A.B. asks: 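Please find one structure pasted underneath; my questions will follow.
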Protein chains: 2
Amino acid sequence: MARIVDVAELAGVSTATVSRVLNGKTVRPDLDAAVRRAVDELGYSPDRTARSLRRRHSDVIALVLPDIENPFFTSLARGVEDVAQEAGLSVVLCNTDDDPVKEQRYLQIVAAENMAGVILAPAGGTAALAALLERGRAVVVVDRPVPEPVDQVVFDNVELGRIAAGALIDRGYRRIACITGPRTTPTAVDRATGWAQALAAAALDAPDDLLVHADFRVEGGRSAMEGLLGTEHPPDAVLATNNLVGVGALRALAHGDHAVGVGIIGDLPFATSNVENVSFLPLRPREMGLAAARMLVERVRDGAGPVRTLVQGSADLVAPSSGVLRE
Amino acid sequence: MARIVDVAELAGVSTATVSRVLNGKTVRPDLDAAVRRAVDELGYSPDRTARSLRRRHSDVIALVLPDIENPFFTSLARGVEDVAQEAGLSVVLCNTDDDPVKEQRYLQIVAAENMAGVILAPAGGTAALAALLERGRAVVVVDRPVPEPVDQVVFDNVELGRIAAGALIDRGYRRIACITGPRTTPTAVDRATGWAQALAAAALDAPDDLLVHADFRVEGGRSAMEGLLGTEHPPDAVLATNNLVGVGALRALAHGDHAVGVGIIGDLPFATSNVENVSFLPLRPREMGLAAARMLVERVRDGAGPVRTLVQGSADLVAPSSGVLRE
DNA sequence: TTGTAGGCGTTATCAC
DNA sequence: GTGATAACGCCTACAA
C-alpha cells in the first residue's frame, strides 16, 4: 500500500505539499500536476484511519435504527445514504431491535470511532443521547420526537392519526377500530390519540375495545385484527397506525370475506394484493432520510447554530378509489 | 475524552500495562485491578481510530449489497450483523445499486479504511474483487457465485430453478412460463436454465416466448406477467425466479381473475394476500448471512487456509396446499 | 508557497 | 511481568 511519502518522493516534493494537493489547498500548478501524476501512478489513496486520528474525526456517520428489516427504515436509510455519499461520508448502519442497551452500545462506538455524527431513531431511554450531546457531537434524531434540545426530523403523529381516521370517516364508516403499537412507544400513542380526536370530532364512539395496543409488527397486526373480527360487534373499518401492522391486518382480512374498510399510516412497497378498500397515508421515509442527512451534514460542517426541528408533512392521502398500489 | 495516559497515571502504571489489561494479556492481579478501577472512574474507552492505525486494521467489516431495500438482502444483513456483533465487529452497509462503479468505489474505501474484511454480493465486473484479493484482504462473496478463488456462500441456482419448476409440473401445469432477471445476471440465467431442464425432463415445451428476461424488480415482474397474460396462448403457470419479480407477478394477477399457478424462488415477508396457488421455495437469506459472517470472522482471525465454497440448500419447498404465508 | 518536524492515541518491541 | 519508547500515516504549525 502506497503511503504519502512514496507519492512525495515520486513527485519530488514534500509530504506537506502532497497533503495540500489532496485537500484542495493552493499549490504551484506544476507541483500540483506532478503530485496528481504520482498519485495516479501509485494508485494512492490516503489512509483514512490515520487521517481520522489526526483530524480528530472520521468521515463516517452512523445511522442507528430500531429495525433494519422494516421497509420504512430501509427506505429512510437509502435517503441518508444518497446525501452522505454526495458529501463524501460513509454510513454505518446499526440495528438496535428497539433495545436501549444495544442502542447505548452503538452510541458508545460512535464516540470511540470518532465518527462525524449520528442519525438516531431512538429506541427508548435517552440517557445515551444526552451523553452524546454533552460532548458536542453532531446528532440528528429522526422519526421519534424527543424532548432533548437536538436537531430532529419527525412527523406530527397526532395529526397523522387524525387525517388517516378522518379518511375512513369520510368514506362513511362509523365503527372504526384502531390497531397501534405498544403504550411505551410515543409515536404509537400519538397516532392513536389522533384517531380518537377524529372520531370525537365526528361525534363517533371510540370505546376502549376498539383501540388495540399490539406489537408494532406483522404478527401483532394480524392477531389484533383477528381479535377484532372475533368480537360480538366487529368494527366496520380499522386504522393500522404503521406499515407492518397494516400488513398483518390485511392478511387477517384476506382469510375470510370481510367487508372491512382499512386505513394504513405508511406504505406497503411489497403488497401482493389489490387493495381496493384501503386508504394509504404515505410517509415518504426516503425524504425523511434526505432531510436528516442534510441537517447532519450542515451540523458536521459548522457545528454551532440553533437547534432545528423539521416536522415533515405526509404526502397526499391516497384514496382507495385510485386503486393504485404504491411502490 | 480520557486517554490511555490518563488511565495509566491514575492507576500508577505505564500505558503499556493499561493496554495489556485492555487486550486481555496477563498482568499482575493488583495492577490489573487498579487499571480497571481507573478505567471505570474515567469512563475511558480506547480510541478505535488510533488502535486501527497501529494495528493496521479496524474492527469494522463492510457488507456490500446491490439493493438494501430488497428484503432478501436486509434479512441477509441481519444475519451478518448478528454474528459480527458477537465477534465484536461493526458492520458498514454499502449499497451499490448493481452499479460496478459504485461497487468499486466502496471496495476502495474498504481498503482505505483498513477494514477487517468485506462480504460482497458482486454487482458485475470483478476487477475490484481481484484487487482486494491480491492485497490479501479477507473477502467472502455471497449470493452470486464468481470464478475467483475466494470464500463463497451461494446457492445452486440451476437446482433452485429445477426444483421450483418441478413443483409446478407436479401440480399438473403443462404450459409453464418463467420470468427471470437480465441476461447479464448469472443467478437469473442459471435459475432459468434449471426451469428449462425441469421442463425438458418432463417432456414439456419451453418455447422462447415462455421465457421472459425482465428487470429483477417488482415493476419488471409486473409488466412481464402482464405481457404473458396478453399473449394468444397465455401460460397456465409461471415461475418467478426471485422475490421481487414474484411480487410483481402476483400484483398483475390480482387485477383480473386468472387461474394461473405461481411458483416463486424466495420469500415474501410482506405479502398481503392469501397465496392459494403459490409455491414458495424459501431461500433463508438470514442463514446465508450468518454463514458468510462466520467464514469472514475465521478468515480475519487466522488469515490463511484453503478457500471454501458453501452451497446453501434451500429450505423445504412450501406447497401451496399449506396455505401459509411465510414470514 | 514550500519544507521540516511534531504530535494525534494506541500498540509492539525492546530492555530490564 | 513491566516500563520506556518507537512506530503506525497523516495533517498543520512554524520557519524559511
Side-chain angles (χ1 to χ4, degrees), chain A residues 1-36 38-39 42-60 88 108-116 135, chain B residues 1-36 38-39 42-60 88 108-116 135-137 300-301:
Chain A
M1 207 68 190
R3 294 156 309 155
I4 198 172
V5 288
D6 305 322
V7 178
E9 190 173 356
L10 182 58
V13 299
S14 74
T15 60
T17 300
V18 177
S19 175
R20 289 184 187 113
V21 171
L22 265 43
N23 292 291
K25 320 270 184 195
T26 6
V27 165
R28 223 173 59 210
D30 55 327
L31 296 188
D32 187 288
V35 168
R36 289 181 197 287
V39 166
L42 296 174
Y44 169 77
S45 77
D47 182 317
R48 299 168 60 133
T49 309
R51 171 178 278 178
S52 304
L53 177 60
R54 181 58 225 243
R55 288 198 177 154
R56 315 300 310 263
H57 74 261
S58 73
D59 296 333
V60 178
Q108 235 149 18
I109 292 181
V110 166
E113 296 248 23
N114 284 317
M115 292 189 192
R135 298 186 172 169
Chain B
M1 208 68 190
R3 296 156 308 156
I4 198 172
V5 288
D6 304 323
V7 177
E9 189 173 357
L10 183 58
V13 299
S14 73
T15 60
T17 299
V18 176
S19 176
R20 288 184 187 112
V21 171
L22 264 43
N23 292 290
K25 321 270 183 194
T26 10
V27 164
R28 223 172 61 210
D30 56 326
L31 297 188
D32 187 290
V35 167
R36 290 181 195 285
V39 166
L42 296 173
Y44 168 77
S45 77
D47 183 316
R48 298 166 63 132
T49 307
R51 169 178 282 177
S52 303
L53 176 59
R54 183 58 231 237
R55 286 200 180 152
R56 316 297 310 265
H57 73 260
S58 74
D59 296 332
V60 177
Q108 234 149 18
I109 292 180
V110 166
E113 296 247 25
N114 283 317
M115 293 190 191
R135 298 187 173 170
R137 295 211 164 255
V300 166
R301 292 214 170 124

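All of these numbers come straight from a predicted model, not from anything done at the bench.
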A.B. asks: Taking all atoms of both residues into account, what is the closest heavy-atom pair of B/V18 and B/A8, and its distance?
C.D. replies: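 Closest pair (atom of B/V18, atom of B/A8, distance): CG2-CA, 3.7 Å.
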A.B. asks: Calculate, to the nearest 0.5 Å, the distance between atoms CZ and OG belonging to B/R51 and B/S19 respectively.
C.D. replies: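 The distance works out to 7.5 Å.
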A.B. asks: What residues form a salt bridge (charged side-chain N to carboxylate O under 4.0 Å, His left out) with A/D59, not counting sequence neighbours?
C.D. replies: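 Partners of A/D59 under the salt bridge (charged side-chain N to carboxylate O under 4.0 Å, His left out) test: none.
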A.B. asks: With a 4.5 Å heavy-atom cut-off, do B/R48 and A/I109 have their side chains touching?
C.D. replies: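 Side chain of B/R48 against side chain of A/I109, heavy atoms only: contact under 4.5 Å found.
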A.B. asks: Drop me the distance from B/R55's CZ to B/N23's CG, to the nearest 0.5 angstrom.
C.D. replies: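 It is 5.0 Å, given to the nearest 0.5 Å.
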A.B. asks: How large an angle, rounded to 10°, do the end axes of the helix from C/dT1-D/dA16 to C/dC16-D/dG1 enclose when each is built from five base pairs?
C.D. replies: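 End axes: 40° apart.
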A.B. asks: Taking side chain as C-beta onward, heavy atoms only, is B/N114 less than 4.5 Å from B/R137?
C.D. replies: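 Side-chain contact under 4.5 Å: yes.
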A.B. asks: For the side chain of A/R135 and the backbone of B/M1, is there at least one donor-acceptor N/O pair under 3.5 Å apart?
C.D. replies: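 The answer is no, because no donor-acceptor pair under 3.5 Å joins these two groups.
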A.B. asks: Find the distance between CZ (B/R54) and OG1 (A/T49) and round it off to the nearest 0.5 Å.
C.D. replies: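 Interatomic distance, B/R54 CZ to A/T49 OG1, rounded to 0.5 Å: 13.5 Å.
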A.B. asks: Who are the side-chain contact (heavy atoms from CB on, under 4.5 Å) partners of A/A11, not counting sequence neighbours?
C.D. replies: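 In terms of side-chain contact (heavy atoms from CB on, under 4.5 Å), with neighbours along the sequence ignored, A/A11 is linked to A/V13, A/A34, A/V35, A/A38.
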A.B. asks: Can you list, in residue-number order, the parts of residues 24-32 of chain B that come under 4.0 Å of DNA chain D, counting heavy atoms only?
C.D. replies: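 Within this stretch, B/V27, B/R28, B/L31 sit under 4.0 Å of the strand.
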A.B. asks: Can you measure from OG (A/S52) to CD (A/E113) and round to the nearest 0.5 angstrom?
C.D. replies: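 So the OG of A/S52 and the CD of A/E113 are separated by 9.0 Å.
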A.B. asks: Could you go through nucleotides 7-11 of chain C and list every protein N or O atom that sits under 3.5 Å from one of its N or O atoms, giving the distance for each pair?
C.D. replies:
residue : atom : partner : partner atom : Å
C/dG7   : N2   : A/R54   : NH1          : 2.9
C/dG9   : OP1  : A/R56   : NH2          : 3.0
C/dT10  : OP1  : B/Y44   : OH           : 2.3
C/dT10  : OP1  : B/D47   : N            : 3.2
C/dT10  : OP2  : B/I4    : N            : 2.5
C/dT11  : OP1  : B/N23   : ND2          : 3.4
C/dT11  : OP1  : B/R51   : NE           : 2.7
C/dT11  : OP1  : B/R51   : NH2          : 2.9
C/dT11  : OP2  : B/S19   : OG           : 3.0
C/dT11  : O2   : B/R54   : NH1          : 2.6

A.B. asks: Reading DNA chain D 5' to 3', which nucleotide is the first, and which the last, to come under 4.0 Å of any heavy atom in chain A?
C.D. replies: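 Going 5' to 3' along DNA chain D, contacts run D/dG9 to D/dA13.
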A.B. asks: Indicate the atoms forming the closest heavy-atom contact of B/Y44 with B/L22, along with that distance.
C.D. replies: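 Smallest heavy-atom distance, with atoms named: CE2-CD2, 3.4 Å.
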A.B. asks: Answer yes when B/R36 and B/D32 have at least one side-chain N-carboxylate O distance shorter than 4.0 Å, and no when they do not.
C.D. replies: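 Answer for the salt bridge query: yes.
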